[in-house]
Amino acid sequence: MGYAEVYASWQNDPEGFWLEQAKAIDWVAPPQRALDGSRAPLYKWFADTQVNTCYNAVDRHVAAGRGDQAAIIYDSPVTDTKRTITYAELLDNVARLAGALRAKGIAKGDRVIIYMPMIPEALMAMLACARLGAVHSVVFGGFAAHELAVRINDATPKAIIAGSCGIEPGRVVKYKPLLDTAIAEATHKPDFCVILQRDQGRADMTPGRDYDWHDVQKDAVPTECVPVAGDHPAYILYTSGTTGAPKGVVRATAGHLVALNWTMKAIYNVDPGDVFWAASDVGWVVGHSYICYAPLIHGNTTVVFEGKPIGTPDAGTFWRVIQEHNVRSFFTAPTAFRAIKREDPKGEMIKTYDISCLRALYLAGERADPDTILWAQNVMKVPVYDHWWQTETGWTIAGNPAGIEALPVKIGSPTVPMPGYDVRVLDEAGHPVAPGTLGAIAVKLPLPPGTLPTLWNAEGRFVKAYLTTFPGYYETGDAGMIDDDGYLYIMARTDDVINVAGHRLSTGAMEEILANHPDVGECAVIGVADELKGQLPLGFVCLNKGCDKPHAEIVREVIAAVRETIGPVAAFKLVAVVDRLPKTRSGKILRATMCKIADGQEFKMPATIDDPAILDEIRAALQPLGYAKA
């Protein structure tokens, strides 16, 4: 069956489609029905089952005789460490850690916060929680103490599992002082902490509260898997809320297992035993879905990479990892490729590696600009598939289902909706718009298995944030259009569509034009307030390494290109050349913060910002253009 037939089979019988996919999971009590809509618009999938995530991710592969297969390949250029952990070793490690947690009182339903760097022990901690039916909440390692305290208060964990430090190129980030400050600030206090000491930055322990990772497991009795109900929360993952308080996205156990397992072949086109690499972090949704859970549930080998696309040691690191570990499918964010391209614009470094094992590159996490896709296609000589999804959905909304049928790539589009997602583009009144028309992207309810059923302890906020603007739909918060072939285009977050003298314009479309300039390595466009036109677009460009053309000349050229492509209606005449753009640690550009700086508004320092000093550089670059006035 091709894509159209598979999608139609889901449309014709949604429950039957997902019950069929559920057969690939090992159940304690299998599903009799798929969907419970008794509390619509709040839906549950496979609520009548009993199942354990850790059993499906680890134990069953050992039971099937595949214990000697590599489960995790750890590759850490920042510590010069490589190690391989088989499924049998992973089972031993996870069962013992779970036994240690159980002995200290962790049981089904208890919350455990995990605050660790990109090391295999982070996955072991996640799986040990899943083994006990405890609900983990991974907080990105090195996250600010106040933000960690907010999450401690919301999730009320019984325990916190942390690394003593994380390692960035050229510096060690000590996690333990941040953890101590967060616990001191939080009104909720954990019963105990388990600390993994790393030699690069050992931590001082608090007697009676902190236990060493190895010591606590010495006499632990390995423990079996605890069955949980299908709608039991597997984890809570906090995503930044627009109102400041983070939103705790809940992932229900059974739907998570079914959907993630299905995606590994259908979307990423890997078979059990193949090596799959998602270059992300366990603190983000990509790390949950595609470093830890999906590859292991499906019986793949997952790569845990502790490094950066450049600087560990150079722009050839990704190619080395792909060659060395025989990676079949590779998933990362476009920002990683922009960094490599800026450092090595002609792609010289790939020539010393053989990446012929790789079948495809998958990009997600932000808009993939055409220039980056074309560069990657040209350098890597493999298909490059953009795909679009969110923390809330946990897996692909729209993508190219290469394992079902590799559809023609249209650059700028993440391709088509996956089974389970009935994607519509709506106007402000909630009516569908014609093909090719920009509007709000929404998904007709119910959402498929594996997506969020609610927010942690905040059902009202869930309904208000996602289900109220367009009744009967999930509001994605993204704007875009669908073309005549059914391909979806994500143009911007809804708040990145600017209104210039009554014309609704996409900043994403302007960014594409800037990125096309041969000297531009990276760019962003924001909307700034203007008395006459309401808003004006303002561009930021970072130039490629080795570019010696005068800045004023580049500015003239990119302004002319936008005027030529979009027209004078864009009123595009403001451009600042900057060394770098402010980003979150996962690589998303902080456009909303840049807008506030430009308009001279108060703003809260984003918790996820990689380097706060960049905001002062942005302010300085804006002032000659007449913006960012005190």
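Each residue takes its place number in the sequence, starting with 1. Being a predicted model, the structure only gives us computed values, none of them experimental.
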Between Arg328 and Asp274 (side chain of the first, backbone of the second, donor and acceptor by atom type, cut-off under 3.5 Å), is there such a pair? no
With no hydrogens and no angle check, is any side-chain donor or acceptor of Ser137 less than 3.5 Å from a backbone partner on Ile236? yes
Look at Lys158 together with Asp110 and state whether they make a salt bridge at an N to O cut-off of under 4.0 Å. yes
In terms of ring plane angle, is the pair Phe330 and Phe318 parallel, tilted or perpendicular, where the classes change at 30° and 60°? perpendicular
For the side chain of Thr476 and the backbone of Asp478, is there at least one donor-acceptor N/O pair under 3.5 Å apart? yes
Which pairs count as salt bridge (charged side-chain N to carboxylate O under 4.0 Å, His left out) when at least one residue sits in residues 9-28, sequence neighbours excluded? Glu20-Lys23, Asp26-Arg60
Please set out all donor-acceptor pairs under 3.5 angstrom arising from side-chain atoms of residues 375-384, sequence neighbours excluded.
unit_1 : atom_1 : unit_2 : atom_2 : d
Trp375 : NE1    : Pro345 : O      : 2.8
Lys381 : NZ     : Asn378 : O      : 2.3

Could you grab the distance from atom CD1 of Ile114 to atom CG of Leu123, nearest 0.5 Å is fine? 9.0 Å
Any side-chain heavy-atom pair from Cys357 and Gln323 closer than 4.5 angstrom? no
Nearest heavy-atom neighbours spanning Arg131 and Cys54: NH1-SG, 3.3 Å
Report the relative orientation of the aromatic rings in Tyr293 and Tyr235; use parallel for angles under 30°, tilted for 30 to 60°, perpendicular for over 60°. parallel
How close do Pro14 and Gln11 get, counting heavy atoms only, and between which atoms? CD-O, 3.7 Å
Does any non-hydrogen side-chain atom of Leu455 lie less than 4.5 Å from one of Val249? yes
Side chain to side chain, His232 and Lys108, heavy atoms closer than 4.5 Å: yes
Is a side-chain N or O of Arg33 found less than 3.5 angstrom from the main chain of Asp48, in a donor-acceptor match? no
Can you name the nearest heavy-atom pair linking Val275 to His325, along with the distance? CG2-O, 3.4 Å
side-chain contact (heavy atoms from CB on, under 4.5 Å) between Tyr87 and Leu296, intermediate numbers included: CA-CA 9 Å; Tyr87 272 99; Leu296 297 177; 3.4 Å; yes
Under 3.5 Å donor-acceptor, His288 side chain and Val282 backbone: yes
Taking Glu392 for its side chain and Thr239 for its backbone only, find out whether a donor-acceptor pair lies under 3.5 Å. no
Fit a plane to each ring of Phe462 and Tyr466, take the angle between them on a 0 to 90° scale, and name the class: parallel (under 30°), tilted (30 to 60°) or perpendicular (over 60°). tilted
Judged by atom type as modelled, is there a donor-acceptor pair below 3.5 Å linking the side chain of Ser329 to the main-chain atoms of Tyr268? yes
Mind listing the closest non-hydrogen atom pair of Val327 and Val321 along with its distance? CG2-O, 3.9 Å
May I have the step-by-step check of side-chain contact (heavy atoms from CB on, under 4.5 Å) for His298 and Phe276, ending in yes or no? CA-CA 11 Å; His298 193 246; Phe276 180 85; over 6 Å; no
Should the ring pair Phe143 and Phe140 be called parallel, tilted or perpendicular, given that the plane angle runs from 0 to 90° and is split at 30 and 60? perpendicular
Partners meeting side-chain hydrogen bond (donor to acceptor under 3.5 Å, both in side chains) with Asn326 (sequence neighbours left out): none
Hey, are the side chains of Gln390 and Tyr474 touching, using non-hydrogen atoms and a 4.5 Å cut-off? yes
Would you call Asp386 and Pro414 a side-chain contact if the rule is heavy atoms closer than 4.5 Å? yes
Where do Asp484 and Pro435 come nearest, in terms of heavy atoms and distance? OD1-CB, 3.3 Å
For Ala130, is there any backbone N or O sitting under 3.5 Å from a side-chain donor or acceptor partner on Asn52? yes
Using every non-hydrogen atom in the two residues, find where Ala22 and Trp27 come nearest and quote the distance to one decimal. O-NE1, 2.8 Å
Could you check whether any side-chain heavy atom of Arg251 comes within less than 4.5 Å of a side-chain heavy atom of Thr53, counting everything from C-beta outward? no
Taking distance alone, no hydrogens or angles, what donor-acceptor pairs closer than 3.5 Å link side-chain atoms of residues 90-99 to residues at least two apart or in another chain?
unit_1 : atom_1 : unit_2 : atom_2 : d
Asp92  : OD2    : Arg96  : NH1    : 3.4
Asn93  : ND2    : Glu89  : O      : 2.9

Listing, residues 397-408 side-chain donor-acceptor contacts under 3.5 Å, not counting sequence neighbours, or none:
unit_1 : atom_1 : unit_2 : atom_2 : d
Asn400 : OD1    : Leu407 : N      : 2.9
Asn400 : ND2    : Leu407 : O      : 2.9
Glu405 : OE1    : Tyr3   : N      : 2.8

Does a donor on one side chain sit under 3.5 Å from an acceptor on the other, for Tyr74 and Arg83? no
Pairwise side-chain contact, Leu257 with Phe46, heavy-atom cut-off 4.5 Å (strictly under): no
Any pair with a residue in residues 294-305 that passes salt bridge (charged side-chain N to carboxylate O under 4.0 Å, His left out), sequence neighbours left out, goes on the list, sorted by first then second residue, please. none
Would you give the length of the straight line joining atom NE2 of His136 to atom CD1 of Ile106, rounded to the nearest 0.5 angstrom? 13.5 Å
Are any side-chain N or O atoms of Asp427 and backbone N or O atoms of Ala429, one a donor and one an acceptor, separated by less than 3.5 Å? yes
Donor-acceptor pair, Lys44 side chain versus Pro453 backbone, under 3.5 Å? no
Please identify which of these residues, Val285, Thr302, Leu260, meets the side chain to side chain contact (heavy atoms under 4.5 Å, CB included) condition with Tyr290. Leu260
Donor + acceptor pair across side chains of Thr451, Tyr421 (<3.5 Å): no
Close side-chain approach of Asp422 and Pro417, heavy atoms under 4.5 Å: no
I need the Ile322 CD1 to Trp277 CH2 distance, nearest 0.5 Å. 5.5 Å
Using 0.5 Å steps for rounding, measure from the CD1 atom of Ile161 to the CD atom of Glu121. 11.5 Å
